[in-house]
Asker: 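Please find one structure pasted underneath; my questions will follow.
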Amino acid sequence: MASYDLIVIGTGPGGYVCAVRAAQLGMRVAVVEKDPTLGGTCLNVGCMPSKALLHASEMFEEAAHSFAKMGVSVSAPKLDLPSMMNFKQQGIDGNVRGVDFLMKKNKIDVLKGTGKILGAGKVEVSADGKAQTVETKNIVIATGSDIAPLKGIEIDERRIVSSTGALSLEKVPERLFIIGAGVIGLELGSVWKRLGAEVMVVEFLDRILPGMDGEIAKQFQRILEKQGFAFKLGTKVTAVDTTGKTLLAKVEPAAGGASETIEADVVLVSIGRVPYTDGLGLKEAGVALDNRGRVQIDPHFATTVKGIYAIGDVVAGPMLAHKAEDEGVAVAEIIAGQAGHVNYDVIPAVVYTTPEVSSVGKTEEELKQAGLAYTVGKFPFTANGRSKVNQTTEGFVKILADAKTDRVLGVHIIGREAGEMIHEAAVLMEFGGSAEDLARTCHAHPTRSEAIKEAALAVGKRAIHM
Ligand code: FAD
Ligand code: NAI
């Protein structure tokens, strides 16, 4: 019976990063993975494939609609979907191989099979009908999340798809009907819209992207509508009739009322994700779940059983790869006796559409609700030189600062490359910086990041270019 300092169950961004950090700290580590490849949701059916298709479809769209105005004359681009899917797969394979390499480099054993916790210090790994029990001082549960189902609507991954099916459609649907205006709906809706689908999104709430700053979400919705997205907000889907060649989705106002039928070729169900703990044996092992089915942890990632920890999508907090990674590092350090820590006030979030949407810290709605006095500084990309010359002026930067201390509490950006730009705000906030600090930091010219400096100046009502 092999014996380890740490066994990590699950090799998504939470699990594999935790394993690497623990190995760096001198622990003898093994990971357990039930899927054929390492990397979890993010690398196999999440972040990576979706970003590959977003990139390829954006290039397709640009070639068709933006090249000519810059004097680049090309004939109308033709879509070769199998090649685009191959491009996506190459990206997945490259990243998955990268995780294999990291396991080898850090001398981490990879135990292929389904992990079940038999109690503190004991994990059973089963594959191909055979089971082995492995002993370990510590266990980290990093089993991630799965697609949230919608009652009465059966996902077949062909015509009614989850994100997984939507990443591998064999042809561009004429009409794509999306349930849920969250991150997945808007990112994958963008992919298929650019490739030629008519896209309608139905959202239960009266706004898109709940959780993001309301003003940003409103402008984002207008931009997406200009791109051809149709939205039905405050609406719920009660059934999808799959008997005919065309899918018939029955929708009605969320508050109740007359229903209508919408025709579609593919329906994407993207109404959130749920923690994944199937077959882990948590109940028998005494590991408690919270009221939403997530593994219950204390501020040090410890579950209700000594020596068993949990991180990532399977615990509370935003279901984001970088949050899972940071928790992986923190828990490895805690197990090693160090002071691992994650600052949940500074976790950036990005929607990788065109334009991108990014944010870090509090939204205006959250500050209002908390009764905090704040100042707002905004700067539009229409007044940013680099955006003007590139003719990509949609969007703006919004900075929320404490009215008394000027400390930056939240930064929200909608615009091209917003996902890259958000990190200077994250670093500033991590150091407790003020809008004045940001405004007095020299920014290279001409860059889109100058819009952040100008928004910081605007907090003090002294933006230069506006
Ligand atoms: P996961 O990545 O879900 O990994 C869990 C692993 O555990 C899996 O490999 C699973 O097979 C394994 N496992 C489960 N149970 C067992 C068991 N009993 N035994 C052995 N192995 C087991 N986040 C971002 O930050 N940026 C993005 O751009 C982004 N895009 C996304 C796009 C899509 C379409 C989706 C679906 C998600 C996206 N996410 C994104 C979310 C991101 O994928 C997750 O937050 C992240 O993968 C969570 O990491 P994790 O390690 O907690 O779990
Ligand atoms: P989500 O939580 O982002 O959005 C789900 C949306 O569906 C919400 O707007 C919700 O109000 C709506 N909804 C819920 N039930 C509904 C119903 N019955 N009818 C109509 N609308 C309904 O979840 P999503 O988009 O499925 O993504 C899952 C997770 O994956 C998210 O937590 C996200 O963090 C992560 N993710 C992150 C990405 C990124 O960081 N770029 C990309 C894709 C996913």
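We count ligands from 1, going down the list as the structure has it; atoms in each ligand are counted the same way. Keep in mind that this is a model prediction, so the values were computed, not measured.
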Asker: What's the shortest heavy-atom distance between Ser145 and Asp313, and which atoms?
Answerer: OG-OD2, 2.8 Å

Asker: Purely on distance, is any nitrogen or oxygen of Lys34 under 3.5 Å from one on ligand 1?
Answerer: yes

Asker: With heavy atoms only and a cut-off of under 4.0 Å, state how Leu38 meets ligand 1: side chain, backbone, both or neither.
Answerer: neither

Asker: Could you tell me whether some N/O pair between Lys51 and ligand 1 is separated by less than 3.5 angstrom?
Answerer: yes

Asker: Atom 42 (C) of ligand 1: which of Cys47, Gly40, Ala310 has the nearest heavy atom?
Answerer: Cys47

Asker: Can you check whether Thr242's main-chain N or O pairs, donor with acceptor, with Arg159's side chain at less than 3.5 Å?
Answerer: yes

Asker: Is it true that atom CZ of Phe204 has more than 12 heavy atoms of other residues, nucleotides or ligands lying nearer than 6.0 Å?
Answerer: no

Asker: Could you say whether the N/O atoms of Asp278 and ligand 1 ever approach to under 3.5 Å?
Answerer: no

Asker: Need the list: ligand 2 N/O atoms against protein N/O atoms, distance under 3.5 Å, rounded to one decimal.
Answerer:
{"unit_1": "ligand 2", "atom_1": "3 (O)", "unit_2": "Val183", "atom_2": "N", "d": "3.3"}
{"unit_1": "ligand 2", "atom_1": "9 (O)", "unit_2": "Glu203", "atom_2": "OE1", "d": "2.6"}
{"unit_1": "ligand 2", "atom_1": "9 (O)", "unit_2": "Glu203", "atom_2": "OE2", "d": "3.3"}
{"unit_1": "ligand 2", "atom_1": "11 (O)", "unit_2": "Glu203", "atom_2": "OE2", "d": "2.6"}
{"unit_1": "ligand 2", "atom_1": "21 (N)", "unit_2": "Phe204", "atom_2": "N", "d": "3.2"}
{"unit_1": "ligand 2", "atom_1": "23 (O)", "unit_2": "Gly272", "atom_2": "N", "d": "3.4"}
{"unit_1": "ligand 2", "atom_1": "25 (O)", "unit_2": "Val183", "atom_2": "N", "d": "3.3"}
{"unit_1": "ligand 2", "atom_1": "25 (O)", "unit_2": "Ile184", "atom_2": "N", "d": "2.9"}
{"unit_1": "ligand 2", "atom_1": "26 (O)", "unit_2": "Gly272", "atom_2": "N", "d": "2.9"}
{"unit_1": "ligand 2", "atom_1": "34 (O)", "unit_2": "Met319", "atom_2": "O", "d": "3.1"}
{"unit_1": "ligand 2", "atom_1": "40 (O)", "unit_2": "Val350", "atom_2": "O", "d": "3.4"}
{"unit_1": "ligand 2", "atom_1": "41 (N)", "unit_2": "Glu187", "atom_2": "OE2", "d": "2.9"}
{"unit_1": "ligand 2", "atom_1": "41 (N)", "unit_2": "Val350", "atom_2": "O", "d": "2.7"}

Asker: Considering only NZ, NE, NH1 and NH2 on the basic side and carboxylate oxygens on the acidic side, decide whether Glu58 and Arg416 come within less than 4.0 Å.
Answerer: yes

Asker: Might you point out which heavy atoms bring Glu215 and Glu365 nearest each other, and give the distance in Å?
Answerer: N-OE2, 4.3 Å

Asker: Is there a nitrogen or oxygen of Ile9 sitting under 3.5 Å from a nitrogen or oxygen of ligand 1?
Answerer: no

Asker: What protein heavy atom sits nearest atom 53 (O) of ligand 1, and how far off is it?
Answerer: Gly144 CA, 3.1 Å

Asker: Taking atom types as modelled, is there a side-chain donor on Ser168 or Lys88 under 3.5 Å from an acceptor on the other?
Answerer: yes

Asker: To the nearest 0.5 Å, what is the distance between NZ on Lys34 and OG1 on Thr114?
Answerer: 7.0 Å

Asker: For ligand 1, indicate whether the residue Arg273 contacts it via side chain, backbone, both or neither (heavy-atom separation under 4.0 Å).
Answerer: side chain

Asker: Got a donor-acceptor contact below 3.5 angstrom from the Glu157 side chain to the Gly165 backbone?
Answerer: yes

Asker: Applying a strict 4.0 Å limit to heavy atoms, is Ile147 in contact with ligand 1?
Answerer: no

Asker: Tell me, which protein residue and heavy-atom name are nearest atom 16 (C) of ligand 1, and how many Å apart are they?
Answerer: Thr143 CG2, 3.6 Å

Asker: Who gets closest to atom 51 (O) of ligand 1 by heavy atom: Ser270, Gly14, Cys42?
Answerer: Gly14

Asker: Side chain, backbone, both or neither: which part of Ser145 comes within less than 4.0 Å of ligand 1 when only heavy atoms are counted?
Answerer: backbone

Asker: Among side-chain atoms of Gln219 and Arg222, is any donor-acceptor pair under 3.5 angstrom?
Answerer: no

Asker: How far apart are the closest heavy atoms of Asn44 and Ile92, and which atoms are they?
Answerer: O-CD1, 3.6 Å

Asker: Looking only at N/O atoms, are Ala324 and ligand 1 under 3.5 Å apart anywhere?
Answerer: no

Asker: Is there a nitrogen or oxygen of Thr41 sitting under 3.5 Å from a nitrogen or oxygen of ligand 1?
Answerer: yes

Asker: Could you identify the single nearest non-hydrogen protein atom to atom 18 (N) of ligand 1 and state the distance to 0.1 Å?
Answerer: Gly115 O, 3.0 Å

Asker: Nearest non-hydrogen contact with atom 23 (N) of ligand 1 belongs to which option: Gly281, Ala321, Ala349?
Answerer: Ala321

Asker: Quick check against the 3.5 Å criterion: does Lys112 have a side-chain atom that pairs as donor or acceptor with the backbone of Pro36?
Answerer: yes

Asker: I want to know if ligand 1 touches Ile184 in the polar sense, i.e. an N/O pair below 3.5 angstrom.
Answerer: no

Asker: Heavy-atom contact check, 4.0 Å cutoff: does Ala166 meet ligand 1?
Answerer: no

Asker: For ligand 1, is there an atom lying under 4.0 Å from some heavy atom of Lys116?
Answerer: no

Asker: For atom 5 (C) of ligand 1, which of the options Gly317, Ala142, Gly39, Gly10 provides the nearest non-hydrogen atom?
Answerer: Ala142

Asker: What's the shortest heavy-atom distance between Gly182 and Leu209, and which atoms?
Answerer: C-CD2, 3.9 Å

Asker: State, to 0.1 Å, how close Ser449 and Glu424 come at their nearest heavy-atom pair, and which atoms those are.
Answerer: CB-OE2, 3.7 Å

Asker: So for ligand 1, is Gly46 a polar contact partner (N or O within less than 3.5 Å, distance only)?
Answerer: no

Asker: With backbone taken as N, CA, C and O and side chain as the heavy atoms from C-beta onward, which portion of Asn44 lies under 4.0 Å from ligand 1: side chain, backbone, both, or neither?
Answerer: neither

Asker: Does Thr354 offer a backbone N or O that forms a donor-acceptor pair with the side chain of Gln227 under 3.5 Å?
Answerer: yes

Asker: What about Asp313: any of its N or O atoms under 3.5 Å from an N or O on ligand 1?
Answerer: yes

Asker: Looking only at heavy atoms, which two atoms of Val314 and Thr143 are closest? And how far apart?
Answerer: CG2-OG1, 3.5 Å

Asker: Looking at Glu366 and Thr363, would you say the former's side chain and the latter's main chain have a donor-acceptor pair under 3.5 Å?
Answerer: yes

Asker: Backbone or side chain, does any N or O of Val314 fall under 3.5 Å from an N or O of ligand 1?
Answerer: no

